[in-house]
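Presented below is the structure to which this report refers.
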Amino acid sequence: MYQKLKERLRDALARHIQLTYHVDLGVVLERPPKIEMGEAASPVCFELAKRLKKAPRMIAQEIANDFRKVEGVARLEVAGAGYLNAYFERGAFWEKMVIGNEEVASGEWRVASNDEGEGTEKAAGLKGKRPALQGDSGGKIIVEHTSINPNKAAHIGHVRNAVLGDTLVRILRHAGHRVQIQNYIDNTGVQVADVVIGLLWMEKRTPVSVKMMAMEPRFDYDCWDIYAKATQFFAADKVNAAKLRGDTLRAIEEGRGEESEVAEVVADAIVTFHLRTMARLGIYYDLLARESEILHLKFWDAAFEMLKKSGAIVLATTGKMAGCWIMPAEKQEVEEAKEVKKEAAEEGEGGEEENIQDKIIVRSNGTVTYVGKDIAYQLWKFGLLGKDFKYAKWKNAPAEETVWATTSMKGDPHAPNFGAAASTVYNVIDARQAYLQDVVAQGLRALGHAKEAERSIHFAYEIVALTPRCAADLGYELSEEEAKKPYVEVSGRKGHGVKADDLIDKLEAATLAEVRERHPEMSEEEKLKTSHAIAVGALRFFLLKFTRNSIIAFDFADALSFEGETGPYCQYAVVRIRGIRRKGLEAGAAEIAVTQETATALLGGAAGNELWELVLLAGSLDQAAELAISGQEPAFVAKYAFQLAQAFNLFYHKYHILTEADEQKRGFLLRLTELVERQLVTALSLLGIEAPEKM
RNA sequence: GCGCCCGUAGCUCAGUUGGAUAGAGCAUCUGCCUUCUAAGCAGAAUGUCGGGAGUUCGAAUCUCCCCGGGCGCGCCA
């Protein structure tokens, strides 16, 4: 609701300024520091002052006087040195939020085309329009996330990826976008090969015994250890290891021999483990896109032809890259300003031949690199490859879930149309791979797909490291230097890291103990359900409250905290509201009809500021969600949920709702708590967090 | 060497795209459970926004230069 009003006001202001002063400029609207200064303020007159050579306060006064009414905005006032402060119609805002049930469904983006009024808004219907992706919201969006190498158990870093991706999906879908979730499975890569070598060569297993092993409940943990051991083994005998690895990898890629058989068993089994782990956190997928099909269905061959034909890649004939197909470093001239050109020219003749920036796409032995495969995959996502996968349901999906996977066998005719072109693609991949993601986009550009390159969004995030104390607790040996640092990086190769399932188990154990203590009356099933919801809330919120480019120094003490800026804090606010609602229902308080006069009176003036601020915040979910999308930052929604919970707690302690003597006021307070509940529950659901009935 | 990111309270982090008096949480201290769940609330204290220069009505935010840290630059992924 806030966002909607703000946009309406911004458009009206911009038009007014255009008509009156013939100046075209973007109107900035911000939240004033105090509610006494209104709900939205613009410093636009400072900018205008420069252009018109008039005092900003004077301009502000003119605008405030002449400005015609915008629906929902009571008045404009001049403040400070020339701010324009807008005051909302509180009663109307309340009415829309409570009666009109605004913002509940995904119709929230039903922003009018212009300020032509309600009629057009309704006509615009559910399709909606979002400022950031104007005219494009009908297009399909692909979000690729998780994409864990299927060779060992998932760890906390993988969980950050999955939670970020899943939350992005939830926010996009809430905004009315059509989103498809893909999880890329590198089932033919070196990491799988390493475990295969560990099983076949180090542990001397047969394919049959590996199959048995893969059915054990802790197979993903076993592989974790085997992978670490294999890494040690390679380090000890580099020469043999390189050959063994190369041979194994090729056998897997070509789908022959015991190696390939075992690789398939391992990868398929581990994928199922990952699906199960993520399902515990409420994370699901539409499609598992497997690298084996990219190979078998010759996706790369098609991409290779396109790249060669367009000249995007060339065969190096001299230098140390001789025999490789390389993508030459992009010459910035295209988009960058001419200055860059000049600088380069001034620098003169230097280094034309051995350009280290060139990226190898096909090795001299003819095998394609990861980036090459990724270019093919990205082309497919945009419907530019001219090929499609075949699809079949994944056999071992978690209960009640349908996941599709690519296949090179016969496809299921009832499979959804996964090959339909996407308009925007988000790839949730850690920040260290920024360069590779750039190369992929560069590949698209070189093929003439500048628009798609633009819409290939590397949704980057920083790693989850461990605090030195946490690493020490886990028994890892640290150098003196490492012990002094704020964090130490985990290493899957060394077998270091916090396994996702271990962490979830710990969280559930801690919350269950607490629930048992507090609610002995609950059934065992209810206790488990409640503690699970709180555990997931704690973990997801913990990973989402940091912005993407913040390195998280993981510590059990922080992750297991349920106080302060945490998921459980937000859940607790909802639980309190539900408690009030239950009691209110018994007391018949739900029946009270609140008139708009009551609401307007209670929210009005200085006396109403406190309640009004809560209403306003509750009505600002749309802004938080919009910001999360345009700013590509799910943390904004987490911040919002916390702020709303905090504001509610303040209100809760100040107003005793059920014992309020004045019936109209009591009814109003009750409606207000219900409004907060709805908004908070929605905000939490965007974060993938469920609010329990009791906790 | 080249490229990207970061430096804000004792600690961990926000800071709405350049705006009004820089904010939270944790930790510390002091209070509040015969009243809708204390996983809560109220209060106290803490800042050369790494340093310097510049841009302008106005800078934590933009530019440049330093200082300190992280990451990436492989015929690995």
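Below, chains carry the letters A, B, ... as their sequence lines are ordered, and counting in each starts from 1.
Classification of A/Arg548 and A/Glu462 as a salt-bridged pair fails, no side-chain N sitting under 4.0 Å from a carboxylate O. Taking the charged nitrogens against the carboxylate oxygens, A/Glu610 and A/Lys654 do have a contact shorter than 4.0 Å, which makes a salt bridge. A salt bridge does not link A/Lys529 with A/Glu526: every distance from a Lys NZ or Arg NE/NH1/NH2 to an Asp or Glu carboxylate oxygen is 4.0 Å or more. We find that A/Glu693 and A/Arg582 are joined by a salt bridge, their nearest charged nitrogen and carboxylate oxygen being less than 4.0 Å apart.
Put simply, A/Tyr652 has a side-chain N or O that comes within less than 4.0 Å of OP1 or OP2 on B/A38. A sub-4.0 Å separation between OP1 or OP2 of B/C76 and a side-chain N or O of A/Arg363 is present.
At the heavy-atom level, A/Tyr655 lies under 4.0 Å from base atoms of the strands shown. Among the atoms of the strands shown, none is found under 4.0 Å from any heavy atom of A/Arg581. Residue contacts shown for A/Asp186 are limited to sugar-phosphate atoms, with no base heavy atom under 4.0 Å away. Counting any heavy atom pair closer than 4.0 Å across all strands shown, A/Lys485 reaches sugar-phosphate atoms only and no base atom. A/Thr369 comes within 4.0 angstrom of the backbone, heavy atoms only, and of no base. Residue A/Ile551 is in sugar-phosphate contact alone, with no base atom involved, counting any heavy-atom pair closer than 4.0 Å across all strands shown. In this structure, A/Phe562 reaches the bases: a heavy-atom distance under 4.0 Å links it to at least one base atom across the strands shown. Contacts of A/Gly579 with the nucleic acid, taken as non-hydrogen atoms under 4.0 Å apart, involve only primed sugar atoms and P, OP1 or OP2. Nucleic acid contact class of A/Glu563 (heavy atoms, under 4.0 Å, all strands): sugar-phosphate only. Residue contacts for A/Ala41: at a heavy-atom cut-off of 4.0 Å it reaches a base atom on one of the strands shown. Residue A/Val575 is classed as a base contact, given a heavy-atom separation below 4.0 Å to a base. Heavy atoms of A/Gln646 sit under 4.0 angstrom from primed sugar atoms or phosphate atoms, though from no base atom.
The base of B/A42 has none of its N or O atoms less than 3.5 Å from a complementary donor or acceptor on the side chain of A/Asn649.
Ranking B/C76, B/G70, B/C75 by closeness to the A/Val190 side chain, first place goes to B/C76. Counting only heavy atoms from C-beta on, A/Arg31 has its side chain closest to B/U16 among B/C6, B/U16, B/U12. With B/G15, B/A38, B/A20 as the choices, the nucleotide that has an atom nearest any side-chain atom of A/Tyr572 turns out to be B/A38. Side-chain proximity of A/Tyr435 to B/U37, B/G72, B/G15: nearest is B/G72. For A/Val28, counting side-chain heavy atoms from C-beta on, the closest listed nucleotide (B/U17, B/A39, B/G72) is B/U17. With distances taken from any side-chain atom of A/Ser550 to the nucleotides B/C13, B/A20, B/A39, the minimum falls on B/C13. Of the candidate nucleotides B/U16, B/A20, B/A77, B/A20 has the atom lying nearest to any side-chain atom of A/Asn85. Distances from the side chain of A/Phe642 to the nucleotides B/U37, B/C36, B/A24 place B/A24 closest. Each of B/A39, B/C36, B/C75 was ranked by its minimum atom distance to the side chain of A/Ile657; first place goes to B/C36. Nearest nucleotide to the side chain of A/Pro32, out of B/A39, B/A20, B/A38: B/A20.
For A/Phe651 and A/Phe648, the ring centers sit closer than 6.0 Å to each other. Taking the six-membered ring for Trp and the full ring otherwise, the centers of A/Phe562 and A/Tyr569 sit at least 6.0 Å from each other.
The interatomic distance linking A/Glu521 (CD) with B/U37 (P) rounds to 12 Å, in whole Å. Atom-to-atom, OH of A/Tyr569 to P of B/G25 comes out at 8 Å; the value is rounded to the nearest Å. Taking atom CG on A/Leu436 and atom C1' on B/C4, their separation rounds to 14 Å, with Å as the unit. Atom P of nucleotide B/C76 and atom CZ of A/Arg250 are separated by 11 Å, given to the nearest angstrom. In this structure, A/Glu462 atom CD and B/G72 atom P are separated by 10 Å, rounded to whole Å. Rounded to an integer number of Å, the gap from A/Lys54 NZ to B/C57 P is 18 Å. A straight line from CG of A/Leu5 to P of B/U16 spans 22 Å, rounded to a whole angstrom. If you measure from atom NZ of A/Lys50 to atom C1' of B/U55, you get 10 Å, rounded to the nearest angstrom.
A distance of about 10 Å separates the C1' atoms of B/U8 and B/G50, rounded to the whole Å. The gap from the C1' atom of B/U55 to that of B/C11 amounts to 36 Å, rounded to the nearest Å. Nucleotides B/G3 and B/U46 place their P atoms 43 Å apart, quoted to the nearest Å. Between the P atoms of B/G52 and B/C57, the separation comes to 23 Å (whole Å). For B/A59 and B/G51, the P atoms lie 15 Å apart once the distance is rounded to whole Å. Taking the C1' atoms as reference points, B/U48 lies 40 Å from B/A38, given to the whole Å. Rounded to whole Å, the separation between the P atoms of B/U34 and B/A39 comes to 15 Å. Using atom C1' as the reference point in both B/A22 and B/G58, the two lie 15 Å apart (nearest Å).
Donor-acceptor pairing under 3.5 Å is lacking for the side chains of A/Gln623 and A/Lys4. A/Gln378 and A/Asn427 are linked by a side-chain donor-acceptor pair at a separation below 3.5 angstrom, with hydrogens and angles left out of the test.
Shown here, B/C73 is classed anti by the O4'-C1'-N9-C4 or O4'-C1'-N1-C2 angle, which is more than 90° from 0.
Atom CD of A/Glu517 is surrounded by 12 or fewer heavy atoms from other residues, nucleotides or ligands within 6.0 Å.
Once the 5.5 Å centre distance and the 30° plane angle are applied, the aromatic ring of A/His656 is found not to be stacked with the base of B/U35. Stacking of A/Tyr83 onto the six-membered ring of B/A20 is present: less than 5.5 angstrom between centres, less than 30° between planes.
B/A42 and B/U30 make up a base pair, with Watson-Crick or G-U wobble contacts both under 3.5 Å.
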